[in-house]
A.B. asks: 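Can you keep this structure in mind? I'll have questions shortly.
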Amino acid sequence: MHTELTPRRELALLLTLAGIQFTHVLDFMIMMPLGPQLTALFAISDAQFGLLVSAYTFAAGISGLLAASFVDRFERKRLLLVLYVLFGLTTLGCALAPTYGMLMLARIAAGVFGGILSAMTQTIIGDVIPFERRGRATGLVMMSFSLATVIGVPSGLFLANWGGWHSSFIAIAVACVLVGALAVWSLPRLDKHVANARGQNLSFAIRGVLADRNHRLALAMSFAMMFAAFTVIPYITIYMQANHILLPTEIPFIYLSGGIVTLVSARWIGGLTDRVGKRKMFQRMLLLSMVPMTLTTLMQPYALPVVLLVSSSLFFCMNARMIPGMAFLTSAAQPQFRGAFMSLNGAVQSMSIGTATWVGGLLIQRSPQGQVTHYWMCALAGVTASVVAYWLAQRVKMYTTEPQAAAAAT
């Protein structure tokens, strides 16, 4: 049963959910390009910085999964507002953290609340938006990921270069205040689900997911897909600055150009996925992504346009794998277990990002002159994970219900 909203109120609701996702995604993404500043300020190793990034995703993955066991027991609007206030406060806590240990605690706390918020935005879409408009609504909210890359990260970096790394987190906390005020007005009261809450059945549903061999293969493929990207991506900024490839003031252009490329190409990739087939498109993009992944880790001081060409190619390929990959994963779940499967998949992907970032931090080294070495080993780990994902994709079966879908699944 859906709450009826006027078109204007529905749009305001979707923009609010997109704003919540935007701040959550940006809070995670902004850490990666701040690596040079944080490693110097706290005198930490690259591996310790990797743990800072990993801590957020580990916490988000675990909390997002556990949230499925209790979110249905509370009225949605009140729960979301409480969680969002706590998320904003923990993000502000990141800005005020005086030590590495305190920053780590703040990142874990922000990840816990961010992971639950991410799960709740999708839940509210299902509660409020009718099925025939749900795809378009989800697409609007998911644009927050691209906007975080195109607008959020470059703006945060320009701000950090001007006012210090604290400024980026303060700006996100301020954005939380503005989005939270919009949420108070735009979110309707949603409590019709409380009487029929089934949160206690989560463990049963997850056991049902894991009992299916095809589900296990699909989750392993999902883990490998995310692992391949995040052995390399979190350390791009550290490598570019430490090896004098780019100036600190030039780093934001990596995320600006990469974000624009992914934003512009997303619809084309989606259409191509429907024409070529989810499996074929995913596997082809896996193979193509190995090229910019390797080139990025071997980059030498070149002109800015050359560096941006390589980095933007990497962002394009990562997004071009993700679009057919997620469509593939959705189709790999048995319909009766799809909700539990996607919840578990979200946790698996967050854990994969955290693990990959931690492994990448262990692989790279520093020369006596402070330059990053062995970055190519991160690409080797990413390429290996891509090969594993390719192999698993060949073995995952897709569940289709229509002849046209069955033809497109090949």
Side-chain angles (χ1 to χ4, degrees), residues 20-67 83-84 86-119 145 148 152-153 156-157 160 165-166 168-170 172-173 176 222-223 226-238 343-364 378 381-382 385:
I20 292 171
Q21 283 283 62
F22 175 84
T23 50
H24 161 53
V25 172
L26 181 57
D27 191 56
F28 162 66
M29 291 187 65
I30 197 64
M31 279 295 295
M32 293 183 282
L34 290 177
Q37 293 189 41
L38 295 176
T39 52
L41 175 67
F42 294 119
I44 57 175
S45 66
D46 295 321
Q48 288 174 305
F49 168 72
L51 281 176
L52 273 178
V53 179
S54 300
Y56 188 96
T57 55
F58 283 139
I62 294 171
S63 68
L65 180 61
L66 294 179
L83 291 171
Y84 199 52
L86 293 172
F87 172 75
L89 290 175
T90 52
T91 297
L92 183 61
C94 294
L96 302 177
T99 65
Y100 172 74
M102 292 299 294
L103 181 58
M104 176 68 77
L105 290 176
R107 295 305 295 160
I108 292 172
V112 167
F113 299 121
I116 302 175
L117 287 170
S118 182
F145 289 84
V153 174
L157 286 178
W165 70 274
H166 309 81
S168 300
F169 290 105
I170 292 173
I172 296 173
C176 288
S222 181
F223 186 96
M226 301 306 294
F227 188 95
F230 282 88
T231 55
V232 173
I233 290 177
Y235 301 100
I236 291 176
T237 303
I238 289 177
S343 295
L344 189 57
N345 179 64
V348 165
Q349 290 190 343
S350 292
M351 298 297 286
S352 176
I353 292 171
T355 303
T357 303
W358 175 66
V359 169
L362 294 177
L363 290 175
I364 61 176
C378 294

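Numbering of residues begins at 1 and proceeds along the displayed sequence. Heavy atoms only: backbone and side chains are in, while hydrogens, waters and symmetry mates are out.
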A.B. asks: Do D27 and R107 touch side chain to side chain, with heavy atoms closer than 4.5 Å?
C.D. replies: yes
A.B. asks: So do F49 and I238 actually touch side chain to side chain, heavy atoms under 4.5 Å?
C.D. replies: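 Yes; the side chains approach each other to less than 4.5 Å.
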A.B. asks: Would you say that more than 12 heavy atoms from the other residues, nucleotides or ligands in this model lie under 6.0 Å from the CH2 of W358, or not?
C.D. replies: no
A.B. asks: Specify the closest pair of heavy atoms between T23 and I172, including all atoms of both residues, with the distance to one decimal.
C.D. replies: O-CG2, 4.1 Å
A.B. asks: Would you say the side-chain atoms of S45 pair up with the backbone N or O of Q48, donor to acceptor, closer than 3.5 Å?
C.D. replies: yes
A.B. asks: Flag the pair F28 / I353 as yes when at least one side-chain heavy-atom distance between them is below 4.5 Å, and no otherwise.
C.D. replies: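 Of all side-chain heavy-atom pairs linking I353 with F28, at least one is under 4.5 Å.
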A.B. asks: For residues M31 and F169, determine if any side-chain heavy atom of one lies less than 4.5 Å from a side-chain heavy atom of the other.
C.D. replies: yes
A.B. asks: Below 4.5 Å, heavy atoms only, C-beta onward: do C176 and F87 meet side chain to side chain?
C.D. replies: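 A side-chain contact under 4.5 Å exists here.
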A.B. asks: Check whether T357 reaches the backbone of G50 with its side chain - one donor and one acceptor, N or O, closer than 3.5 Å.
C.D. replies: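 No.
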A.B. asks: If we ignore hydrogens and angles and just use 3.5 Å, is the side chain of S350 paired with the main-chain N or O of A347 as donor and acceptor?
C.D. replies: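 Checked: no pair found.
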A.B. asks: If you compare all heavy atoms of G382 against all heavy atoms of A228, which two are closest, and at what distance to 0.1 Å?
C.D. replies: O-CB, 3.3 Å
A.B. asks: Check whether any side-chain heavy atom of M32 sits under 4.5 Å from a side-chain heavy atom of I233, and report yes or no.
C.D. replies: yes
A.B. asks: Could you check whether any side-chain N or O of S352 sits under 3.5 Å from a backbone N or O of V348, counting only pairs where one atom can act as donor and the other as acceptor?
C.D. replies: no
A.B. asks: Answer with yes or no whether the side chains of Y56 and H24 bring together a donor and an acceptor at under 3.5 Å.
C.D. replies: yes
A.B. asks: Under the 3.5 angstrom rule, does the side chain of T231 hit a backbone N or O of C378 as a donor-acceptor pair?
C.D. replies: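 Checking the backbone N and O of C378 against the side chain of T231, a donor-acceptor pair under 3.5 Å is found.
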A.B. asks: Does any N or O in the side chain of Y235 come within less than 3.5 Å of the main-chain N or O of I364, such that one atom is a donor and the other an acceptor?
C.D. replies: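 No, because the side chain of Y235 does not come within donor-acceptor range (under 3.5 Å) of the backbone of I364.
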